Amino acid sequence: MENFVAYNPTKLVFGKGVIAQLGKEVQPYGKKALVVIGKGSVKKNGILEAVYQQLTEAGVSYTLYEGIKSNPIYEDADAAIAQAKAFQADMIVAIGGGSVIDSAKAIAAGYYVNHSVWDFYLRKAPAPTKALPVFAVLTLAATGTEMNMFTVLQSDAEKAKHGYGSPLLYPKVSFLDPEYTYSVPSTYTAYGVADLIAHSLEQFFDTSNSPLSDASAAEIIRLAMKYGREVHKNPHSYEARANIMWLATAALNGSLSAGKLGGDFGVHGIEHCLSVLFDIAHGAGLSIVYPAWMRHFYSQIEGKLTFLAQRTLHPNATANDFIVELEKFFVEINTPIRLSEAGIDREQHALILDNLKQNNPKGRFFKLTEADYSSILHLMA
Ligand code: NZQ
Ligand code: ZN
């Protein structure tokens, strides 16, 4: 077991109607909020109105930054920072999925500096020494950003997507109402399930010996498959939505890293190349890359795959069963398992390979070479 620090300052408020607590939670942090949203889903389903009401009742005035795209770009964060500075915001209230909350974290970090936030992600700027407080109203279960210190942005011009982390960027309070995810389309619901399974796998394939972490990762995957099937059949099942929401948070809030060295995350690195090239949804990219990655490294991970198979399927299941059944599950809930299903044909392979070489994603444990990229690409076709 490796040394570790358990630290997570985010207060999570979970359940039906929890938005009613937002006003009292934000009040101690100031009088002015920058509200950040995506392309409009929160206007249609009434969540934006509910937040406005809370802010008004708490005596907090607000300005809205609208239009964060899925797979968010740093230019939006820079523009929102200018708006936050002009408004002299005391806090950021993010309402959305990972893209909106990650952008809010970038805005929080960029508020006190005079360079583009992208410089943080490129490691060109020193780490921030202060950040605005971020409050998150989660509307899509997937990334875990609601209870972690990470943010991921991309540059379309540079064809690069990078993560950044700072303890200053844990949301102060995150509000998780499973009913807010009823309106998530079945596509993004499935991609979210794929993402949370991928987070569990990334930490599971950190080969450090941490038995509780491994058992927890396997159990999160087992439950994600169970409730993923349920929510696919019945999108308005509160129990299914609630379980998926909590599983997604638990998969990337630090608890699975205890006793480990931070996870492998090579698959995430490869997926980020797909997302910058084709604007594919993050979870859809992961459900394509992970099976291929497991087949490629099969001989090195057979024992670990057998453990997963026996915990998530049945006591006699084999390593190969795990890969096959995970693929079947992805097909069942309708997230792609091959590039061709996502409309990416063989003619694009050279482009993908070039981008992989340019961004050079590496796993922490399963180092990736150019030969690995080619083989994994072949398996993803
Ligand atoms: O933009 P709007 O109109 O709000 O629509 C969004 C968007 O089209 C829609 N949506 C969200 N909640 C909804 C809803 N539609 C109807 N009803 C609702 N309640 O869903 C679409 C996708 O939203 P997005 O935020 O992009 O999805 P997700 O939460 O999967 O976030 C993906 C981003 O998070 C990053 C990914 O790389 C990607 O950029 N990640 C962040 C991580 C982190 N910070 O820890 C870790 C992850 O591995 C991941 O890399
Ligand atoms: Zn992810």
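Please read all numbers here as calculations on a predicted model, not as lab measurements. Numbers here simply count residues along the sequence, with the first being 1.
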Under-4.0 Å salt bridge between Asp214 and Lys260: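 Answer for the salt bridge query: yes.
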Side-chain ion pair, Glu202 and Arg364, N-O less than 4.0 Å: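 Not counted as a salt bridge, because no side-chain N and carboxylate O are separated by less than 4.0 Å.
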Measure up the [X] and [Y] rings against each other and bin them: parallel (under 30°), tilted (30 to 60°), perpendicular (over 60°).
X      : Y      : result
Phe265 : His199 : tilted
Tyr74  : Trp118 : parallel
Trp293 : Phe205 : tilted
Trp246 : Phe14  : perpendicular

Axial cation check for Phe204 ring with Lys304, 6.0 Å and 45° limits: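 Yes, Lys304 and Phe204 form such a contact.
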Lys172 to Tyr29 six-membered ring, cation-pi geometry met (6.0 Å, 45°):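 Ring-cation test returns no.
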Interatomic spacing from [atom1] in [X] to [atom2] in [Y] - rounded to 0.5 Å:
X      : Y      : atom1 : atom2 : result
Ser155 : Tyr121 : OG    : OH    : 12.5 Å
Asp321 : Thr312 : CG    : OG1   : 9.5 Å
Leu22  : Gln27  : CG    : CD    : 10.5 Å
Met91  : Leu55  : CE    : CG    : 7.5 Å
Asn359 : Asp354 : CG    : CG    : 11.0 Å
Ser287 : Phe329 : OG    : CZ    : 10.0 Å

Asn320 and Thr318: side chain donor to acceptor below 3.5 Å: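 No - no donor-acceptor pair under 3.5 Å links their side chains.
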Check this for me: [X], atom [atom1], are more than 12 non-hydrogen atoms of other residues, nucleotides or ligands nearer than 6.0 Å?
X      : atom1 : answer
Gln358 : CD    : yes
Lys69  : NZ    : yes
His378 : NE2   : no

Met149 vs Lys105 side-chain heavy atoms within contact, under 4.5 Å: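 In short, these two side chains do not touch, never coming nearer than 4.5 Å.
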Check against side chain to side chain donor-acceptor pair (under 3.5 Å), Tyr65 and Asp76: CA-CA 9 Å; Tyr65 187 89; Asp76 262 322; 2.5 Å; yes
Verdict with supporting geometry, His162 and His272, side chain to side chain donor-acceptor pair (under 3.5 Å): CA-CA 8 Å; His162 297 305; His272 287 168; over 6 Å; no
